[in-house]
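Below is one structure; the comments refer to it alone.
Indexing begins at 1, ligand by ligand and atom by atom, following the structure's order. The analysis underlying the following values was restricted to heavy atoms, covering all of them including side chains, and did not include hydrogens, waters or symmetry mates.
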Amino acid sequence: MEMGFYFYSACCFLIIFSKASNATDTISPSESLTDSMTLVSSDGSFALGFFSPGSSKNRYLGIWYNNIPIQTVVWVANRISPINDSTGVLKIEISGKLVLQVQNTTAVWSTNTTGSVQNPVLQLLDSGNLVVRDENDSNPESYVWQSFDYPSDTSLPGMKIGVDLRTGFNRKLSSWKNWDDPSPGDLTYGVEIEGSPEIVLRKGLEKLSVSGLWNGNGFNGAPNLRSSPIFGYDFVWNENEVYYIYFLKNKSVMSRGVLNETQNARERYTWNAETQTWQLSLILPNGYCDIYGRCGPNGNCDSNKLPACQCLTRFRPKWPERWNSSDYSGGCIHIKPLNCQKGDGFIRIRNVKNPGTTNSWFNKTMNLKECRDKCLRNCSCMAYTNLDVTTGSGCVMWFGDLIDIKQLQSEGQDLYIRVSASETGTALQS
Ligand SMILES: *[C@@H]1O[C@H](CO)[C@@H](O)[C@H](O)[C@H]1NC(C)=O
Ligand SMILES: *[C@@H]1O[C@H](CO)[C@@H](O)[C@H](O)[C@H]1NC(C)=O
Ligand SMILES: *[C@@H]1O[C@H](CO)[C@@H](O)[C@H](O)[C@H]1NC(C)=O
Ligand SMILES: *[C@@H]1O[C@H](CO)[C@@H](O)[C@H](O)[C@H]1NC(C)=O
Ligand SMILES: *[C@@H]1O[C@H](CO)[C@@H](O)[C@H](O)[C@H]1NC(C)=O
Ligand SMILES: *[C@@H]1O[C@H](CO)[C@@H](O)[C@H](O)[C@H]1NC(C)=O
Ligand SMILES: *[C@@H]1O[C@H](CO)[C@@H](O)[C@H](O)[C@H]1NC(C)=O
Ligand SMILES: *[C@@H]1O[C@H](CO)[C@@H](O)[C@H](O)[C@H]1NC(C)=O
Ligand SMILES: *[C@@H]1O[C@H](CO)[C@@H](O)[C@H](O)[C@H]1NC(C)=O
């Protein structure tokens with residue numbers, strides 16, 4: 001977010017301080033960070049200090065880009081506990097706990113640290129990650145606390161977005177309420193694991209847009225979240241963790257993902273050094289068909305057609321009049337009713353974004369044939385596909401209505417949809 005900053009009279013000192021060669025990236029328990037000071041990461045990329053957002057006079061402890069003229073905050077500590085004067089002080093206790101105090105006494109914010117640490121130091125890393133670690137141990141696995149675990153509205157390269165399956169700990173983004181108030185708004189972005197995991201953008205409880213499942217190559221409905229000359233992407237999904245992470249192949253590029261409360265979107269910005277501005281490089285949802293469930297149950301959103309909302313092959317609108325007047329909420333139903341006992345089959349539809357995974361089930365090792373057989377035996381299984389298109393292995397099944405299918409052109413994945421066997425005859429896929 002590009003925001004005007006309210007500068008205290010301390011600003012001049014701050015600028016001198018951060019330009020001075022004795023700027024430091026570390027504090028230890030004998031030191032503290034007051035309202036007029038900043039910590040600067042060793043290569044000068046990021047600063048930690050106190051700021052006032054927008055037209056607010058409140059003071060927040062936060063991290064921003066240090067070497068660009070537009071103040072861009074990427075993390076806020078005391079999001080819900082603003083400080084109303086300049087007496088804020090950040091300290092690190094000998095236990096490794098961080099405490100943000102006002103008026104010398106009241107703690108408005110503090111951290112929960114688990115493991116213990118001999119000689120704790122607080123360090124702002126060049127990645128923008130603020131970490132508590134032992135003075136002599138810089139192994140990331142040993143950090144006792146890190147700001148990347150508590151994202152605000154911004155994702156940075158190297159930050160995990162996802163869930164620790166051992167503890168249930170969930171790292172997700174939440175928007176600022178508005179430009180003057182960094183307290184959590186109602187837009188969130190994180191990995192959800194109800195069925196096969198996917199990334200979900202929510203407005204309150206409502207799903208705005210989902211990524212589609214991870215199919216080994218990328219998210220099946222988000223062709224943009226793929227490796228490029230500038231970005232690398234990874235999705236880690238094992239028995240311990242499920243998370244999405246991106247990193248920069250070119251370290252001199254500055255890039256951030258941010259939730260935009262007013263646009264109801266997740267945006268990716270990249271810094272343009274020539275124009276000295278942030279350039280929008282990616283936006284989610286990206287177009288009409290990116291809105292979750294746009295065409296209702298069993299619809300297929302195809303942005304190359306008019307209207308974009310179509311029924312899946314072998315389906316018809318449930319409420320034709322409403323459908324014709326662009327009310328797609330009723331979705332579509334089978335033209336020929338299913339008959340599970342007498343025999344159903346499947347048709348293949350190509351290059352689609354898979355349905356939302358809320359009512360799905362997966363198995364990472366089953367092959368496509370086993371997947372089909374299992375789906376066929378279960379009368380409420382309505383579709384199946386591979387879990388991993390790179391190896392052709394794995395199985396995902398959907399139960400009940402198929403929601404959020406989107407027609408893609410070359411990307412996407414084939415989906416096998418249950419239909420009445422009598423209707424389709426030889427067209428059935430086995
Ligand atoms: C949200 O989008 C608006 C309009 O594009 C833009 O002016 C504003 O800077 C964005 N806010 C954030 C937090 O990026
Ligand atoms: C500032 O906040 C403190 C608590 O942190 C409160 O006691 C005090 O009344 C507030 N002052 C103003 C002017 O709001
Ligand atoms: C803050 O606390 C320290 C130690 O408890 C004390 O020496 C100092 O005078 C206090 N400062 C203010 C402004 O109250
Ligand atoms: C610390 O833990 C408590 C209780 O689990 C929780 O309410 C609080 O939000 C945590 N604080 C931080 C900064 O994570
Ligand atoms: C940490 O390193 C410093 C200097 O390298 C050394 O003096 C100190 O004993 C070390 N502390 C521990 C706990 O190993
Ligand atoms: C890395 O990015 C910088 C800034 O955009 C550019 O000048 C440079 O050529 C890039 N380097 C590579 C190897 O792509
Ligand atoms: C809906 O539109 C289609 C195509 O224009 C037309 O064939 C059909 O009769 C219409 N149905 C109703 C109920 O209006
Ligand atoms: C997945 O399928 C394999 C057979 O391909 C089976 O051995 C395994 O138990 C299944 N796992 C689950 C969780 O159902
Ligand atoms: C079909 O699958 C659903 C969802 O996993 C399950 O609840 C149900 O028991 C299955 N039915 C049969 C007959 O296997």
Side-chain angles (χ1 to χ4, degrees), residues 1-5 43 45 51 53-56 60 62-65 67-68 70-76 79 151-157 173-189 194-196 201 203 208 227-232 247-286 338 340-341 344 355 357-363 366 370-384 395-402 418:
M1 68 252 59
E2 297 144 32
M3 52 185 52
F5 265 60
D43 74 353
S45 297
F51 72 100
S55 58
S56 168
Y60 294 89
I63 296 171
W64 57 84
Y65 289 91
N67 48 13
I68 59 172
I70 299 172
Q71 289 270 17
T72 308
V73 173
V74 297
W75 183 77
V76 182
R79 291 184 80 176
S152 298
D153 65 345
T154 300
S155 63
L156 292 174
L173 306 183
S174 56
S175 58
W176 287 25
K177 268 224 167 71
N178 57 54
W179 277 37
D180 298 336
D181 182 359
S183 66
D186 56 7
L187 202 62
T188 60
Y189 182 77
E194 273 180 86
S196 179
L201 178 69
K203 179 86 174 170
L208 281 184
S227 289
S228 72
I230 299 174
F231 300 108
F247 52 90
L248 290 170
K249 292 179 178 168
N250 181 341
K251 299 285 179 224
S252 57
V253 172
M254 286 197 279
S255 167
R256 66 196 166 94
V258 63
L259 295 184
N260 193 319
E261 176 80 19
T262 48
Q263 301 285 305
N264 287 330
R266 182 202 185 252
E267 300 171 334
R268 163 78 58 76
Y269 288 95
T270 304
W271 181 254
N272 184 323
E274 263 170 45
T275 60
Q276 294 281 294
T277 54
W278 287 107
Q279 268 177 358
L280 185 63
S281 54
L282 205 73
I283 187 159
L284 179 86
N286 181 15
L338 297 175
C340 191
Q341 314 318 336
D344 290 333
T357 59
T358 306
N359 294 309
S360 71
W361 176 91
F362 67 87
N363 178 308
M366 277 166 70
E370 294 168 320
C371 193
R372 180 189 189 278
D373 292 346
K374 190 172 170 72
C375 186
L376 196 57
R377 283 196 305 273
N378 186 321
C379 295
S380 51
C381 179
M382 291 299 146
Y384 70 91
C395 169
V396 196
M397 293 178 202
W398 284 267
F399 304 97
D401 287 329
L402 304 173
R418 189 184 206 104

Q: Could you tell me which atoms of ligand 1, counted from 1 in the order shown, lie closer than 4.0 angstrom to a heavy atom of Asn260?
A: 1 (C), 2 (O), 3 (C), 8 (C), 10 (C), 11 (N), 12 (C), 14 (O)
Q. Side chains of Ser55 and Asp180: do they bring a donor and an acceptor to under 3.5 Å?
A. yes
Q) Does NZ or CZ of Arg256 lie under 6.0 Å from the centre of the six-membered ring of Tyr65, at an angle within 45° of the ring axis? A) no
Q) Are the side chain of Arg418 and the backbone of Cys381 linked by a donor-acceptor contact shorter than 3.5 Å? A) yes
Q: Applying ring-ring contact (aromatic ring centres under 6.0 Å, His included), name anything that partners Phe399, two or more places apart in sequence or on another chain.
A: none
Q: Kindly write out the residues that satisfy salt bridge (Lys or Arg N to Asp or Glu O under 4.0 Å) with Asp186, not counting sequence neighbours, or none if the list is empty.
A: Lys203
Q: Please confirm whether Trp361 comes under 4.0 Å of ligand 9, counting heavy atoms of the residue only.
A: no
**Q.** Trp271: partners by ring-ring contact (aromatic ring centres under 6.0 Å, His included), with sequence neighbours left out
**A.** Trp278
Q. Is a donor on one side and an acceptor on the other found under 3.5 Å between the side chain of Ser183 and the backbone of Asp181?
A. no
Q. Side chains of Thr262 and Asn260: is there a donor and an acceptor less than 3.5 Å apart?
A. yes
Q.
Would Thr262 count as being in polar contact with ligand 1, using the rule that some N or O on each side must be under 3.5 angstrom apart?
A. no
Q | Asn378: numbered ligand 9 atoms lying under 4.0 Å from its heavy atoms | A | 1 (C), 2 (O), 3 (C), 8 (C), 10 (C), 11 (N), 12 (C), 14 (O)
Exercise answer, ligand 6 polar atom pairs (N/O) under 3.5 angstrom:
residue	atom	partner	partner atom	Å
ligand 6	2 (O)	Asn250	OD1	3.4
ligand 6	2 (O)	Asn250	ND2	2.3
ligand 6	2 (O)	Ser252	OG	3.1
ligand 6	11 (N)	Asn250	ND2	2.8
ligand 6	14 (O)	Asn250	ND2	3.3

Q) What part of Trp176 sits under 4.0 Å from ligand 1 if we count only heavy atoms: the side chain, the backbone, both or neither? A) neither
